[in-house]
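Below: one structure, written as structure tokens.
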Amino acid sequence: MSRSKPIHPDLLSMARRGDIAGIETIKLIILATPRSVTAEVVDVLFENMTMCPVPPLSDLKRETLKMYKGTLTAIPPALCISLFWSIVTTKACMKPGVKTAVVANILEHDGAFCRWIQFSMRSGLPSLPGEELGNSFGTNQKRFPLQAQLLIKLLALDESLCEALLSSDPFIDLFLELWCGEASLNENGIMRVIDLSTEHECPIISLAHTFVQTDASLEVFLSRCSGKTLRQEFLQCLLDRVIRGDTGSNIHTMGWALSLLKLVELADRLWTSSSAYRQAFHKTLFLPHFCRAWRTVTSFFAQDLEGCAKIRFMLCLPTMIRMLSMAIADPARHLHKNWRILGGGGFLESFFQSIFTLEDRVWDAVWPGVIQNLATLLAYPALVHPTCFGDITIIEVKISSPMNVAYWNVFARAWSRAKAASEALVERPPENVCDNPSCDGTAATPKAQLKQCGGCSSVIYCSVRCQEVDWQNWHQKECPHAARVYIDRQHKGMIYDSRTRGSHAALLEVAYAEEARHQYADHSVLPLFSFGWLTDDSGGAHDHLLSSVETYWGRHGTSPASFPQEYLRPRYESLVAEYVAGNYPSGWRLVEGNFPPYGDEKAIYVTALLKPAGSGYRTICCIARFKY
């Protein structure tokens with residue numbers, strides 16, 4: 001084997017001066033004898049990049065014309081970048097001394113390095129391995145993913161280099177150049193660059209995901225992308241990639257599945273870390289597109305059990321839970337829309353389809369976590385489209401451990417209750433409980449005739465008559481206090497609206513009809529239904545946790561818990577006193593529910609007066625209290 005010789009000093013001098021012939025000659029030598037690369041070669045490349053000022057990106061067309069017809073000042077740095085990537089991607093070139101020189105030069109000259117790459121990407125100059133003058137790879141669709149792949153390899157080269165680049169504004173600007181890169185135009189507008197032609201995830205998406213892996217890099221990224229316009233463009237690019245992956249051609253399904261995982265994780269990190277990004281998300285249609293894309297992916301997994309069995313759940317289900325959390329952990333005004341979208345998109349169908357493919361040992365390990373994430377959903381039946389409730393008995397065969405049998409029994413009962421309440425709500429006005437305690441025609445009036453108090457937006461009535469009666473009896477004194485509480489909670493994004501209260505009333509109707517109608521006939525007893533996820537402190541088997549019935553005896557006429565809406569206390573105590581005194585018709589029952597937090601609340605209590613209706617019950621009046 002011939003011994004490699006150092007590159008001749010004259011060639012290095014030519015390259016240092018920006019001589020194109022000298023740079024190309026060095027490139028040919030390195031391709032033939034990779035071990036001829038030295039630290040001096042790396043130094044020369046960066047000297048050339050820093051010697052030439054980067055032309056303004058805002059005036060690119062004029063500068064491009066100038067450099068090709070006149071001075072050609074931009075070509076040598078682009079060729080130096082191309083040679084640099086050839087060195088970094090060739091294992092034989094990266095001797096310890098060369099690697100040290102690469103890291104040191106980038107740390108010192110990251111600004112010039114990143115800006116020249118950005119300029120080359122935008123102008124089409126040959127700056128990638130294998131590109132030559134007059135023979136570049138052409139379109140952004142091919143060049144941008146390759147450039148992202150090279151940057152990922154560079155970040156993996158050295159830990160300190162990775163940390164420095166992820167905190168570097170020029171590097172973030174370079175990434176944004178790739179992220180916002182336009183592939184083409186269609187009838188819907190700009191299409192962003194995405195490469196899903198292989199079984200691997202798109203490199204541009206992988207690079208984006210790198211920025212959110214640590215809190216430090218995420219903080220720098222959010223600071224750099226804090227402008228409203230840039231923030232909105234970034235999310236639109238994210239959404240465009242979701243749409244293209246789900247509807248585009250030449251898509252490798254495994255590559256798309258892996259890319260979708262990263263996109264959901266990226267969205268989740270931005271959502272949970274920045275209120276500004278969370279608000280920006282609401283201006284996009286991210287949830288229906290994510291939902292539709294996820295259904296496509298899970299359908300693919302279901303058809304290929306052998307090839308994808310190992311990654312199907314380990315990767316997909318945690319990511320789906322992130323989507324579930326994003327839909328739940330949303331300001332109250334968006335929750336109904338979010339769950340209609342998830343229901344219409346078959347999200348839960350895909351969710352359980354993923355669960356059903358688990359091996360038994362994996363199932364037993366993750367099932368409790370899945371249940372906890374669904375607990376909030378089942379406690380808010382109005383949020384769930386009835387079509388979400390399918391046949392879940394197919395999952396029962398997967399349960400083996402005694403603990404999971406207990407989990408399953410609790411979950412199946414809660415699922416049945418939520419399904420019954422959701423189906424009942426379909427035939428009622430969304431805000432189906434009149435706030436006039438003396439009204440017995442609850443929920444009979446179409447939605448168009450419902451009357452809401454214009455002073456506090458906190459009470460609703462089925463008719464003008466009921467509104468007038470309640471104003472004289474109660475609400476005239478309550479309204480100013482209710483308005484202050486409403487405004488305070490509105491600012492905090494904690495609006496517990498009439499629709500949600502009505503759905504909780506429906507859930508109480510179902511629970512009482514199923515389990516408590518024969519146990520609590522005595523009016524001196526106020527049963528409390530707990531719809532939260534409760535665990536014992538022993539660390540052993542769990543009690544009946546989800547939607548279990550817990551009875552609190554001997555609580556006559558007083559509130560079971562303190563609550564900030566002190567103005568409601570007279571109304572509440574009057575309701576309890578009338579009930580205990582037996583002043584309501586025979587068969588009417590007073591019940592109470594404790595529901596899991598809705599937004600930032602610490603607890604929600606709903607007290608409902610039920611009357612018999614057919615084989616079940618209907619709510620006559622309902623009072624909701626919360627602590628926060």
Side-chain angles (χ1 to χ4, degrees), residues 1-55 63-64 66-121 123-137 143 146-147 149-151 153-154 157-158 161 174:
M1 183 174 63
S2 60
R3 184 178 179 183
S4 299
K5 296 181 180 180
I7 296 174
H8 197 279
D10 290 345
L11 284 175
L12 293 176
S13 297
M14 293 172 62
R16 188 176 280 110
R17 296 193 303 269
D19 186 279
I20 295 175
I23 298 172
E24 291 188 323
T25 302
I26 292 175
K27 184 174 182 179
L28 293 174
I29 293 173
I30 291 175
L31 291 175
T33 55
R35 298 191 65 82
S36 63
V37 177
T38 62
E40 186 180 8
V41 174
V42 177
D43 293 340
V44 167
L45 298 180
F46 277 87
E47 286 177 24
N48 189 282
M49 279 185 264
T50 56
M51 179 179 63
C52 302
V54 182
E63 288 294 336
T64 304
K66 178 181 178 181
M67 68 187 177
Y68 277 113
K69 292 187 177 180
T71 63
L72 303 180
T73 55
I75 294 179
L79 294 177
C80 286
I81 293 171
S82 176
L83 178 52
F84 169 81
W85 289 127
S86 297
I87 293 172
V88 170
T89 55
T90 304
K91 186 177 181 180
C93 293
M94 294 299 288
K95 298 173 290 187
V98 174
K99 178 181 176 180
T100 301
V102 167
V103 173
N105 275 284
I106 293 178
L107 290 175
E108 183 178 357
H109 306 297
D110 65 303
F113 175 70
C114 293
R115 282 191 288 269
W116 270 119
I117 295 177
Q118 186 178 0
F119 181 84
S120 300
M121 286 293 101
S123 66
L125 284 171
S127 60
L128 297 171
E131 287 188 325
E132 300 175 355
L133 280 176
N135 185 27
S136 70
F137 293 150
R143 300 184 84 229
L146 178 56
Q147 182 63 73
Q149 192 173 358
L150 293 170
L151 293 175
K153 187 175 183 66
L154 187 63
L157 192 63
D158 180 82
L161 177 62
L174 172 57

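When reading the values below, keep in mind they use all heavy atoms of this one structure, side chains included, and skip hydrogens, waters and symmetry mates.
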Next item on the list: List the steps, then state whether side-chain contact (heavy atoms from CB on, under 4.5 Å) holds for M121 with Q147.
Entry: CA-CA 8 Å; M121 286 293 101; Q147 182 63 73; 3.5 Å; yes
Notebook entry, point to check: Would you say N48's side chain and A15's backbone share a donor-acceptor pair under 3.5 angstrom?
Noted result: yes
Check: Parallel under 30°, tilted from 30 to 60°, perpendicular over 60°: which one fits the rings of F84 and F46?
Finding: perpendicular
Item checked: Name of the residue among S120, S127, C52, P53 meeting side chain to side chain contact (heavy atoms under 4.5 Å, CB included) with P77 -> C52
Checklist line | CD-CG distance between E47 and L45, expressed to the nearest 0.5 angstrom | finding: 9.5 Å
Notebook entry, point to check: Do S82 side-chain atoms and L128 backbone N/O form a donor-acceptor pair below 3.5 Å?
Noted result: yes
Item checked: Straight-line distance of L11 CG to E24 CD, nearest 0.5 Å -> 12.5 Å
Donor-acceptor pairs under 3.5 Å, side chain of residues 92-107 to any protein atom, not counting sequence neighbours: which ones?
| from | atom 1 | to | atom 2 | distance (Å) |
| --- | --- | --- | --- | --- |
| K95 | NZ | R35 | O | 2.9 |
| K95 | NZ | V37 | O | 2.8 |
| K99 | NZ | L157 | O | 3.3 |
| T100 | OG1 | P96 | O | 2.9 |
| N105 | ND2 | D43 | OD1 | 2.8 |
| N105 | ND2 | A101 | O | 2.8 |

Next item on the list: Report the residue from L125, L150, I81 that forms a side chain to side chain contact (heavy atoms under 4.5 Å, CB included) with I117.
Entry: I81
Next item on the list: Would you indicate whether the side-chain heavy atoms of F113 and T50 approach each other to under 4.5 Å?
Entry: no
Notebook entry, point to check: If you look at every heavy atom in I23 and C80, which pair is closest and at what distance?
Noted result: CD1-SG, 3.7 Å
Next item on the list: Mark yes or no for whether T90, through its side chain, and I87, through its backbone, hold a donor-acceptor pair below 3.5 Å.
Entry: no
Check: Any side-chain heavy atom of L79 within less than 4.5 Å of one from P126?
Finding: yes
Margin query: Using side-chain heavy atoms (C-beta onward) and a distance below 4.5 Å, is L12 in contact with I26?
Written below: yes
Notebook entry, point to check: Picking from I30, L31, V42, what satisfies side chain to side chain contact (heavy atoms under 4.5 Å, CB included) with L83?
Noted result: I30
Next item on the list: Would you please test E40 and R16 for side-chain contact (heavy atoms from CB on, under 4.5 Å) and show each step?
Entry: CA-CA 11 Å; E40 186 180 8; R16 188 176 280 110; 4.0 Å; yes
